[in-house]
Amino acid sequence: MNLFTHVRGILIEILNNLSSKGVLPTDTDFSNITVEPPKDTRHGDMATNAAMVLSKLVATRPRELAQTISDSLAKVEIISSVDIAGPGFINISLSEVCWQNLLSSVLLAGKNFGRSNMGFSQKVNVEFVSANPTGPLHVGHTRGAVFGDALASLLSYSGFEVTREYYINDGGAQVDALARSIFLRYQEAFGRKVVFADGTYPGDYLIPIAIGLKEKVGESYLNKSEDEWLPELRDYAVDAMMDLIRSDLDLLGIKMDTFFSEKSLYGSGQIEAALGRLRENGLIYKGVLEPPKGKTTDDWEPREQTLFKSTEHGDDVDRPVLKSDGSWTYFAPDIAYHFDKLSRGFDRLIDIFGADHGGYVKRMKAAVSALSNGKVPLDIKLCQLVKLYQNGEPYKMSKRAGNFVMLRDLVKQVGPDVTRFVMLTRKNDAALDFDFQKVLEQSRENPVFYVQYAHARIKSVIRKAEELNIDIAEQALSEANLSSLTHASELSLIKKIAEWPRLVEVAARLYEPHRVAFYLFDLSSQLHAHWSKGSDDQSLRFLHADDLTITQSKIALACAVSIVISSGLAILGVEPAEKM
RNA sequence: GGCCCCGUGGCUCAACUGGAUAGAGCAGCCCCCUCCUAAGGGGCAGGUUAUAGGUUCGAAUCCUAUCGGGGUCGCCA
């Protein structure tokens, strides 16, 4: 349960009451009235801006209105005190019993504490990674992969029906280049000398693929012309690359629900159908674009093109859908792909792009808006670059030198948990520094270890409690007598736990899984602080061999913290540590 | 030049999308293990939120301009 929405409900009831008494106008909009934890805990447990928001409507001073509202709030059973502060905040404190009861309900809910139906089972499609099938994933893809997967988990935790999807760019010329590169390696496997020209892929990862090809087709390709082997080899190549990519994703624990092939859109009439839909709405026309403003226009020539009128839907310029040779631009199958997503009945679409694709955001949104008549929102989250460091020194990657750091090498070196957590400790639209050494440090500077250590400490005392014959089942703990949990440090730990459902809601609404990581760090910090207080004040320790009732109540608290930590880590895709 | 993102203590970042005295970690100084995991905790110090205006009860957050950093810019996907 979310105590904040509960108290907000009580508040709204009071406000409705004031409406019917004529103190407030009838049909007042209460939607921007909030009940939130105050920044400073000395201000109480919760604060509402109600009086400040509403005072304009009734032409009274905020503090005066606040008095009226707080008179009613003070009568509510779970509320222990109400006061008015600053420009008209109403600060609310809840009774100790209320917090103790909350702890019980957390234990009763177990790992479901924090889940919500905020999404109303709406169908959401999260498209992410979608790397070109020309090689294994590298670090550049990793952030988007982790972000998309965590966002998908977060949304599904919040009651959305989520599909994880990968768009395979297997339609373009790069697949030909890939096939030719494999053919070179294939010739090499027969001892021939080969040269990798510009535009081919010289990476070692193609060697085993070519050997596989040799085993499959023998010598049969050696003396054939390109137009004979190329069509077959294209499919073989893409399949092989997608196997590589799938196994890379596996290393991070990412399972896609759907792999959607760009190629499948060609020759099936789907691109024509999508563009047909736009044409019906009068959004396809032939015209000449203006040259880009201010940019050097040496090679610019006015040219008539088939254009999508994306400016009708918020884009800056209209976008071409046909090349001069009559084939589609990249954008055309992308429109068709999103049209396909719409036809599959999703209520909202989310695309995760690298920041270098920021220029496509407006046109893609325009396309979805046009195709769905503005009914289905497309949200595009951009992931900024990851800068690699080795002991504080920038780690240089060069595509030409071929020393690109691969996802699998990264994960092999630091492990999937560290990779995932660290990638999520920054907002998606801020650049991220990733230092191979620092992420393995075992200190407070490393959030992964800090959170894991908190969890391991809790698990350790729970194991010891079990040895004292305490029933550590969540059900039993939820029924324990918790009235001894009255110390400020214990109550503030409970209050931090109580913020979890609200935090999840905010993070899900804003598509910001990093908030989960920061919350877990905060919660762990409080746990560590509380733990240390046990050194000065024996009564705060979790284990009391001479008083099992007290011990049980303390273990209930510890257990609730571990529940929230593991739920949060589960959203991030990180395994909680039992021991360290 | 157009568009998008970013600018917060010496460093790396938060700030519940407009709330109260802007919070953490690192680095610096001081302190805490006969005691559930010190891989931890407590304290001191450090800020005109790039700059200048504006919007209002109230701005790091919204608007305008300027400066600085990154990305991107008509048939490459």
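Naming convention: chains lettered A, B, ... in sequence-line order (proteins, then strands); numbering from 1 in each chain.
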* Using the benzene-type ring in the case of Trp, are the ring centres of Y450(A) and F521(A) under 6.0 Å apart? -> yes
* With P as the reference atom in both, quote the distance from C76(B) to G70(B) in angstrom, rounded to an integer. => 27 Å
* Nearest-Å distance, CH2 (W500(A)) to P (C16(B))? -> 17 Å
Contact list (N/O, under 3.5 angstrom) for nucleotides 44-51 of chain B vs protein:
none

* OP1 or OP2 of C16(B) less than 4.0 angstrom from a side-chain nitrogen or oxygen of H514(A), does that happen here? -> no
* **Straight-line distance of W531(A) CH2 to R457(A) CZ, nearest 0.5 Å** => 5.5 Å
* Reckon A507(A) touches a base, only the sugar-phosphate, or nothing at all at heavy-atom distances under 4.0 Å? -> nothing
* Structure fact -> To the nearest angstrom, the NZ-C1' distance between K362(A) and C3(B) comes to 5 Å
* Asked: Does C31(B) sit syn or anti, given that only angles within 90° of 0 count as syn?
  -> anti
* To do: Determine whether any donor atom in the side chain of R502(A) lies under 3.5 Å from an acceptor atom in the base of C16(B), or the reverse, and answer yes or no.
  => yes
* Asked: Which salt bridge (charged side-chain N to carboxylate O under 4.0 Å, His left out) pairs, counting each pair once, include a residue from residues 535-552 of chain A, with sequence neighbours left out?
  -> none
* Mark yes or no for whether E262(A), through its side chain, and G171(A), through its backbone, hold a donor-acceptor pair below 3.5 Å. => yes
* Which is true for R515(A) with a 4.0 Å heavy-atom rule: it touches a base, it touches only sugar-phosphate, or it touches nothing? -> sugar-phosphate
What are the atom names and distances for every N/O pair under 3.5 Å that joins the protein to nucleotides 34-38 of chain B?
residue	atom	partner	partner atom	Å
C35(B)	O2'	R541(A)	NH1	2.5
C35(B)	O2'	R541(A)	NH2	2.1
C36(B)	O5'	R541(A)	NH2	3.4
C36(B)	O4'	R541(A)	NH2	3.2
C36(B)	O3'	K464(A)	NZ	3.4
C36(B)	O2	F542(A)	N	3.1
C36(B)	O2	L543(A)	N	3.3
C36(B)	N3	F542(A)	N	3.3
C36(B)	N4	W531(A)	O	2.9
U37(B)	OP1	S460(A)	OG	2.5
U37(B)	OP2	K464(A)	NZ	2.9
U37(B)	O2'	Y453(A)	OH	2.6
U37(B)	O2'	R457(A)	NE	2.6
U37(B)	O2'	R457(A)	NH2	3.4
U37(B)	O4	A456(A)	O	3.4
U37(B)	O4	M580(A)	N	3.3
A38(B)	OP2	R457(A)	NH2	2.4
A38(B)	OP2	W531(A)	NE1	3.1

* To do: Check every strand shown and say whether G358(A) touches a base, only sugar-phosphate, or nothing at a heavy-atom separation below 4.0 Å.
  => nothing
* To do: Look at all strands and tell whether P447(A) reaches a base, only sugar-phosphate, or nothing, counting heavy atoms closer than 4.0 Å.
  => nothing
* **C1' atoms of C26(B) and G46(B), separation to the nearest Å** => 13 Å
* Asked: Looking at R42(A) and D40(A), does any basic side-chain N land under 4.0 Å from a carboxylate oxygen?
  -> yes
* Let me have a per-nucleotide readout for nucleotides 21-30 of chain B, 5' to 3', with B, S or -, counting only protein heavy atoms under 4.0 Å. => B--SSS----
* salt bridge (charged side-chain N to carboxylate O under 4.0 Å, His left out) partners for R502(A), two or more places apart -> E36(A)
* Structure fact -> Rounded to whole Å, the CD1-P distance (I33(A) to G19(B)) equals 15 Å
* To do: Without swapping roles, check the side chain of K496(A) against the backbone of S524(A) for a donor-acceptor pair under 3.5 Å.
  => no
* Asked: Which part of the nucleic acid, if any, lies within reach of E512(A) when heavy atoms closer than 4.0 Å are counted: base, sugar-phosphate only, or nothing?
  -> base
* Asked: Does G53(B) have a Watson-Crick or wobble mate here (both distances under 3.5 Å), and if so which one?
  -> C63(B)
* Value in whole Å for how far the C1' atom of U56(B) lies from CE of M52(A) -> 13 Å
* When rounded to the nearest Å, what value does the distance between C1' atoms of G23(B) and C62(B) take? -> 22 Å
* Partner residues of H141(A) under the ring-ring contact (aromatic ring centres under 6.0 Å, His included) criterion, sequence neighbours left out -> H138(A)
* Please identify each residue that fulfils salt bridge (charged side-chain N to carboxylate O under 4.0 Å, His left out) with D334(A), with sequence neighbours left out. => none
* d(CG, L510(A); C1', A14(B)) in whole Å -> 14 Å
* Watson-Crick or G-U wobble partner for G18(B), using a 3.5 Å limit on both distances? -> none
* Asked: Going by number, which of residues 321-331 of chain A have a non-hydrogen atom under 4.0 Å from RNA chain B?
  -> K323(A), S324(A), Y330(A)
* With a 4.0 Å cut-off on heavy atoms, is Q452(A) in touch with a base, just the backbone sugar-phosphate, or nothing at all? -> nothing
* Asked: OP1 or OP2 of A15(B) sitting under 4.0 Å from any side-chain N/O of K427(A)?
  -> yes
* Determine the contact category for H357(A): base if any of its heavy atoms lies under 4.0 Å from a base atom, sugar-phosphate if only primed atoms, P, OP1 or OP2 are that close, otherwise nothing. => base
* Looking just at side-chain N and O atoms, do Q174(A) and N169(A) make a donor-acceptor pair shorter than 3.5 Å? -> no
* Asked: Looking for any heavy atom pair under 4.0 Å, which part of the strands does A529(A) touch: base, sugar-phosphate only, or nothing?
  -> sugar-phosphate
* Any residue meeting ring-ring contact (aromatic ring centres under 6.0 Å, His included) with Y519(A), in chain and number order, not counting sequence neighbours -> W500(A)
* **Which residues share a salt bridge (charged side-chain N to carboxylate O under 4.0 Å, His left out) with K362(A), sequence neighbours left out** => D316(A)
* salt bridge (charged side-chain N to carboxylate O under 4.0 Å, His left out) partners of K459(A), counting only residues at least two apart -> none
* Asked: Contact class for Y519(A) (heavy atom, under 4.0 Å): base, sugar-phosphate, or nothing?
  -> nothing
* Give a yes or no on whether the backbone of L289(A) and the side-chain of R303(A) come within a donor-acceptor separation of less than 3.5 Å. => no
* Pairing nucleotide - C3(B), Watson-Crick or G-U, each distance under 3.5 Å -> G71(B)
* P atom, U56(B) versus U61(B): distance in rounded Å? -> 16 Å
* Any strand: nucleotide that pairs with C44(B) via Watson-Crick or wobble, under 3.5 Å -> G28(B)
* Within 6.0 Å of CG in D198(A), more than 12 heavy atoms from elsewhere -> no
* For atom NZ of K387(A) and atom P of G71(B), their distance in whole Å -> 10 Å
* To do: Would you tell me whether Y285(A) and D318(A) have side-chain atoms, one donor and one acceptor, within less than 3.5 Å of each other?
  => yes
* **Touch class at under 4.0 angstrom, heavy-atom based, for P62(A) against every strand present** => nothing
* Asked: To the nearest Å, how far apart are N428(A) CG and C4(B) P?
  -> 17 Å
* Sequence neighbours left out, what pairs pass side chain to side chain donor-acceptor pair (under 3.5 Å) with at least one residue falling in residues 418-432 of chain A? => D149(A)-R420(A)
* Asked: Taking atom C1' in both A52(B) and U48(B), what distance in whole Å separates the two?
  -> 13 Å
